[in-house]
Q: 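Could you have a look at this structure, given as structure tokens, before my questions?
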Amino acid sequence: MAARHAVSGRATSRDIHPSGSPAPQQQAEGVPTPAIRIRGLSRNFGPVRALTDVSFDVPTGEITALLGENGAGKSTLLKILAGLQPPSDGSVTVFGEEVTSFSPSTMLGRHGVAIVPQELALLPDRSVAENVLSGIEPGHRWFPSRRQMLKRTTELLAELDLRLDPTAVVRSLDLATQQLIVVARSVARGCRVLILDEPTAMLTPAEAERLFALMEKLKAGGTTMLYVSHRMPEVFRLADQIEVLRDGAHVASWRSAQTTPDQAVAAMVGRELGQFSRRTAPSAEPSGEPALRVTRLSGRRHHDVSFELRPGQILGVAGLPDSGRVELLHNIFGGERGSGGTVELVGKPYQQRTPIASVERRLAFVPGERRAQGLLSSMSVGENIGVLTAKSLSRFGLIRRRAFDRQAAEQAGRLRVKTASMGQPITSLSGGNQQKAVLGRWLAINPDVLILDEPTRGVDVGAKAEIYEQLFALADRGLAILCSSSDLPELLTLTDHILVMSQGRLVTTVPTAEATEESIMTLATGAAPAA
């Protein structure tokens with residue numbers, strides 16, 4: 001393994017440029033050339049500056065974590081390093097050679113830098129072998145050798161300790177396995193630096209462990225990695241070095257052993273954030289008519305589920321990916337057809353459930369798959385927020401644009417959505433601001449019941465804290481909230497009570513004040529009977 005980089009602690013005022021970036025360190029004798037050296041890197045998008053004078057080194061043969069809130073400039077920096085866009089100013093040097101042409105083919109082919117993006121670019125109807133060796137198939141250009149392809153892929157998978165069938169069709173594999181295929185494809189092309197962008201955002205803990213094992217294998221073989229994640233336990237488990245961006249500037253650099261998660265979070269958000277406080281439950285149990293009553297509800301992956309949700313409550317739903325908790329939410333909202341049972345909203349039966357009818361009945365649903373199910377990616381920020389209330393702001397079939405824009409802007413202001421204007425493309429916002437915009441869309445209908453699935457998936461700690469504050473305030477004002485999450489600390493922070501599901505059935509309901517991660521997981525896995 002390559003020698004470790006010189007140890008550096010918290011950046012002090014003496015080491016800071018006027019821009020806020022730590023001063024470049026001199027190359028110490030005996031220390032290897034950094035895998036990547038970034039100096040004075042800036043990137044402008046018209047009048048907006050996404051990166052400003054960023055300088056730091058990525059040590060060779062180590063895992064460097066790149067931290068920052070959504071909108072801090074991480075995605076822009078990764079796109080530059082992957083060759084997807086050039087910088088406006090500054091330089092990037094890879095293993096001592098300055099990059100003069102920024103394109104994916106140059107960054108990978110000449111410099112050995114590859115990226116595993118959040119949106120995986122695979123050939124879903126081709127085999128594992130065809131994906132791993134796509135573009136570098138053995139044999140004739142027009143007639144690649146299938147036998148050699150299978151042989152090379154089998155050998156590579158064995159070297160990486162990946163137990164995959166090289167003939168399996170990629171579409172049939174889970175997301176975690178598809179990620180491993182993208183990593184293997186990068187290795188097959190001679191990758192020396194691997195960038196991983198939020199690789200565990202959609203993975204279960206078991207799936208994440210498979211990825212971590214592969215990362216450790218690659219590190220032992222000398223591969224350098226730049227790792228982006230909002231999950232502090234992962235960062236401090238895997239990373240040797242930590243670099244922090246805030247508002248487009250580089251603000252801190254540490255060896256991971258010489259800092260703490262609290263220090264890293266404080267550098268990311270510019271203030272001490274501390275641990276998230278748990279929801280303060282009402283002193284008395286909510287009374288009155290339930291806002292939502294579910295009785296013996298059944299559908300895909302869930303059976304005979306019954307519970308009540310009252311105004312002012314935040315009720316959590318916990319369970320493994322196959323527990324049926326997500327399908328339950330879609331059934332209640334009308335996104336999936338159920339097979340039995342009843343739903344009541346504010347004391348009235350709700351039988352013919354559809355998404356359109358749910359909007360009319362003031363039942364809101366923020367889905368877990370933000371990109372696929374939440375965002376209207378071709379529309380602006382204002383249009384994403386106001387789309388559900390456009391009809392009420394129309395006259396003779398024409399939208400009253402001024403009223404529409406004003407209402408969207410007010411909703412964005414309440415949720416602190418950071419955007420240059422309501423006309424800005426929604427896809428240009430950070431993940432946290434996109435999530436707040438989707439939440440604002442549903443709050444605009446003034447719901448009686450708000451259903452949330454994975455409310456802070458892919459959201460940084462600062463935006464997460466803001467979303468939690470909003471949900472607490474909404475519940476305090478009497479909104480009934482049903483929240484499903486695979487993040488158990490999130491459920492323990494947000495909720496009053498937690499429904500625990502296992503294998504499609506509701507096992508029990510536990511007061512959050514009496515619950516722990518271990519007790520919920522024990523119930524969710526069926527390792528212990530319900531209380």
Side-chain angles (χ1 to χ4, degrees), residues 174 202-209 278-279 281-282 285-286 290-310 312-345 350 353 363 365-368 449-457 471 475 480-531:
D174 58 44
M202 302 287 287
L203 304 186
T204 65
E207 291 170 338
E209 287 298 327
R278 282 195 179 196
R279 159 116 163 116
E285 287 293 320
L292 174 68
R293 177 182 283 126
V294 172
T295 306
R296 306 195 67 176
L297 197 65
S298 298
R300 187 167 67 93
R301 287 188 173 181
H302 58 284
H303 314 281
D304 205 25
V305 177
S306 299
F307 66 88
E308 293 182 351
L309 171 64
R310 298 181 185 277
Q313 273 191 311
I314 303 181
L315 182 61
V317 188
L320 299 176
D322 63 350
S323 65
R325 59 182 173 83
V326 176
E327 291 80 3
L328 171 67
L329 303 189
H330 283 273
N331 188 353
I332 295 170
F333 180 68
E336 291 188 6
R337 187 180 297 276
S339 58
T342 62
V343 173
E344 292 181 19
L345 277 177
Y350 184 22
R353 297 186 299 281
L363 171 61
F365 181 38
V366 178
V449 176
L450 172 63
I451 300 175
L452 300 143
D453 183 25
E454 305 290 358
T456 62
R457 174 182 281 168
L471 295 179
I481 300 175
L482 182 65
C483 175
S484 169
S485 178
S486 58
D487 185 346
L488 293 182
E490 178 162 85
L491 290 180
L492 292 172
T493 299
L494 276 177
T495 65
D496 308 314
H497 291 78
I498 299 174
L499 306 173
V500 184
M501 294 189 65
S502 178
Q503 299 181 11
R505 297 189 180 277
L506 177 58
V507 178
T508 189
T509 302
V510 296
T512 304
E514 300 174 9
T516 63
E517 291 183 54
E518 292 76 14
S519 65
I520 293 174
M521 187 56 66
T522 299
L523 290 165
T525 57

Q: Quick check: does any side chain N or O of Ser484 sit under 3.5 Å from a backbone N or O of Val326, one acting as donor and the other as acceptor?
A: no
Q: OG1/Thr456 to CG/Leu494 distance, rounded to the nearest 0.5 angstrom?
A: 7.5 Å
Q: Is it true that Thr522 and Ser519 share a donor-acceptor pair across their side chains at a distance under 3.5 Å?
A: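 No pair is found: no donor N or O on one side chain lies under 3.5 Å from an acceptor on the other.
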Q: Picking from Leu499, Val500, Val294, what satisfies side chain to side chain contact (heavy atoms under 4.5 Å, CB included) with Leu506?
A: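 Among Leu499, Val500, Val294, the one meeting side chain to side chain contact (heavy atoms under 4.5 Å, CB included) with Leu506 is Leu499.
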Q: With a 4.5 Å limit on heavy-atom distance, are the side chains of Thr509 and Ile498 in contact?
A: no
Q: Start with the C-alpha gap between Leu492 and Ile520, add the side-chain angles, then the distance that decides, and say whether side chain to side chain contact (heavy atoms under 4.5 Å, CB included) holds.
A: CA-CA 10 Å; Leu492 292 172; Ile520 293 174; 4.0 Å; yes
Q: In the structure I gave you, are the side-chain heavy atoms of Val449 and Leu345 within less than 4.5 Å of one another anywhere?
A: yes
Q: I'd like to know if the side chain of Thr495 and the backbone of Gly316 have a donor-acceptor N/O pair within less than 3.5 Å.
A: no
Q: Between Gln313 and His497, is a side chain to side chain contact (heavy atoms under 4.5 Å, CB included) present by the stated rule, with each step listed?
A: CA-CA 8 Å; Gln313 273 191 311; His497 291 78; 4.0 Å; yes
Q: Given Met501, which partner from the list Thr508, Leu328, Leu523, Val507 fulfils the side chain to side chain contact (heavy atoms under 4.5 Å, CB included) test?
A: Leu328
Q: Under the side-chain contact (heavy atoms from CB on, under 4.5 Å) rule, collect the residues that match up with Glu454, sequence neighbours excluded.
A: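 Scan of Glu454 (side-chain contact (heavy atoms from CB on, under 4.5 Å), adjacent residues dropped) gives Arg325, Arg457, Ser485, Ser486.
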Q: To the nearest 0.5 Å, what is the distance between CG (Leu471) and SG (Cys483)?
A: 7.0 Å
Q: Does some side-chain heavy atom of Ile481 sit less than 4.5 Å from a side-chain heavy atom of Ile451?
A: no
Q: Are any of the side-chain heavy atoms of Ser502 and Ser323 separated by less than 4.5 Å?
A: no
Q: Search all heavy atoms of His303 against all heavy atoms of Ser298 and return the closest pair with its distance.
A: CA-OG, 3.5 Å
Q: For Leu363 and Tyr350, run side chain to side chain contact (heavy atoms under 4.5 Å, CB included): C-alpha distance rounded to whole Å, both residues' side-chain angles, the deciding distance at 0.1 Å, then the answer.
A: CA-CA 11 Å; Leu363 171 61; Tyr350 184 22; 4.0 Å; yes
Q: Report yes if the side chains of Glu517 and Pro489 come closer than 4.5 Å at any heavy-atom pair, otherwise no.
A: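 Heavy-atom side-chain distance check passes, below 4.5 Å.
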Q: Taking all non-hydrogen atoms of both residues into account, name the closest pair between Ala291 and Ala480 and its distance.
A: CB-CB, 3.6 Å
Q: Output all residues satisfying side-chain contact (heavy atoms from CB on, under 4.5 Å) with Glu336, sequence neighbours left out; order by chain, then residue number.
A: Arg300, Glu327, His330
Q: Can you name the closest pair of heavy atoms from Asp496 and Gly312 and give their distance?
A: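 Closest pair (atom of Asp496, atom of Gly312, distance): OD2-O, 4.0 Å.
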Q: Going through the checks in order, is the side chain to side chain contact (heavy atoms under 4.5 Å, CB included) test met by Ile332 and Leu482?
A: CA-CA 11 Å; Ile332 295 170; Leu482 182 65; 4.1 Å; yes
Q: Do Val305 and Arg505 have side-chain heavy atoms sitting under 4.5 Å apart?
A: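 They are not in side-chain contact.
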Q: How many angstroms lie between atom NE2 of His302 and atom CG of Asp304, to the nearest 0.5 angstrom?
A: 10.5 Å
Q: Can you find a pair of side-chain heavy atoms, one from Asn331 and one from Val343, that are under 4.5 Å apart?
A: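 Not touching, per the 4.5 Å side-chain cut-off.
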